[in-house]
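Written out below as structure tokens is the structure these notes cover.
Since we're looking at a predicted model, the values are computed, not measured. Excluded from the calculations below are hydrogen atoms, water molecules and symmetry mates; all remaining heavy atoms, backbone and side chain alike, are included.
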Amino acid sequence: ASAGLDLFREEPSHERQLRRIIDSAPTILKRLTMTTPIITARALLDAYWDLQIPIEPEAFAAKLGLRIVETPAMGLMSSSLERDDKIICLNADACPEHRRFAVARELGRWCLGFSRRTSASELERLAVDPDEECRADQFALELLMPGIAVKAMMEIHRVRDPVAHRKAFGVSSLALYPRWDSLGYFL
């Protein structure tokens, strides 16, 4: 039982359908062609989301067999994915909202098949592919703020205050505003 905000009234048939999705999640994820970050994030949500917010990306990482290791000396990097070792390295000095986004972004890299060479030099590891970064960020935004949950807050609960949304979803303004914009909501 999560202490998060329940945005939906669950009907028995919905609960049964959700349970079937969760039970078949590994099969779904293996068969899914990871074509877009949004489709991929939605598949992960369908498989593991308990319909509570804030969404805990660490729990998703654990369900996918990934470990999160906090690293105090990451410099400018907020996180990295060590694909071969199934480890997400997380900058221990980052604020909670940025840490959550970093975990979600690394989950995106994992699910979308992105990787950096673990033997690469520090300079090579800092180099990023802008397209991969953009797609990993899109994945993270969808995972942390599913469209259906944002819509429920805006249209059912009539919560339009950005501070309330940031607190409810556990994200920063840097994550909230582009997500609102992508869903057609404006200040």
Please give me the minimum heavy-atom distance between [X] and [Y], naming the atom from each residue.
X    : Y    : value
L143 : I55  : O-CD1, 3.0 Å
W49  : P146 : CH2-CG, 3.9 Å
A175 : V171 : CB-CB, 4.0 Å
F139 : P37  : CD1-O, 3.5 Å
R100 : G170 : NE-O, 2.7 Å

Inset, instruction - For W180, check ring-ring contact (aromatic ring centres under 6.0 Å, His included) against everything at least two apart and list the hits. - result: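 Counting only residues at least two positions away or on another chain, W180 forms a ring-ring contact (aromatic ring centres under 6.0 Å, His included) with H165.
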
Quick one, [X] and [Y] - any side-chain contact, counting heavy atoms below 4.5 Å?
X    : Y    : result
L141 : S182 : no
F169 : V150 : yes
P57  : L144 : yes

Inset, instruction - Can you tell me which residue pairs pass the salt bridge (Lys or Arg N to Asp or Glu O under 4.0 Å) test with a partner in residues 175-187, sequence neighbours excluded? - result: E142-R179

Inset, instruction - Could you note down all residue pairs passing salt bridge (Lys or Arg N to Asp or Glu O under 4.0 Å) where residues 147-166 supplies at least one of them, sequence neighbours left out? - result: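 Matches after skipping sequence neighbours: none remain.
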
Inset, instruction - Report yes or no: do I87 and L107 belong to one cluster of Ile/Leu/Val/Met/Phe/Trp/Tyr joined by side chain heavy-atom distances under 4.5 Å? - result: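 No, because I87 and L107 fall into different hydrophobic clusters, even though each may have its own neighbours under 4.5 Å.
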
Legend entry - Connected via hydrophobic side-chain network under 4.5 Å: I38 and L45: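 Hydrophobic grouping puts I38 apart from L45.
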
What side-chain donor-acceptor pairs closer than 3.5 Å can you find for residues 63-73, not counting sequence neighbours?
{"residue": "E70", "atom": "OE2", "partner": "R99", "partner atom": "NH2", "Å": "2.8"}

Inset, instruction - Not counting sequence neighbours, which residues clear side-chain contact (heavy atoms from CB on, under 4.5 Å) with A140? List them please. - result: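 A140 satisfies side-chain contact (heavy atoms from CB on, under 4.5 Å) with F101, A104, R105 only.
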
Can you give each donor-acceptor pair under 3.5 Å made by side-chain atoms of residues 88-98, sequence neighbours left out, with the distance rounded to 0.1 Å?
{"residue": "N91", "atom": "OD1", "partner": "D93", "partner atom": "N", "Å": "2.9"}
{"residue": "N91", "atom": "ND2", "partner": "M77", "partner atom": "O", "Å": "3.0"}

Inset, instruction - Linking directly or through intermediates, with side-chain heavy atoms under 4.5 Å: list the remaining ILVMFWY members grouped with F186, chain and number order. - result: none

Inset, instruction - May I ask you to decide whether D131 forms a salt bridge with R135, counting only side-chain N to carboxylate O separations under 4.0 Å? - result: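 Yes, this pair counts.
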
Legend entry - Atom pair CH2/NZ of W110 and K86 - distance to nearest 0.5 Å: 5.0 Å

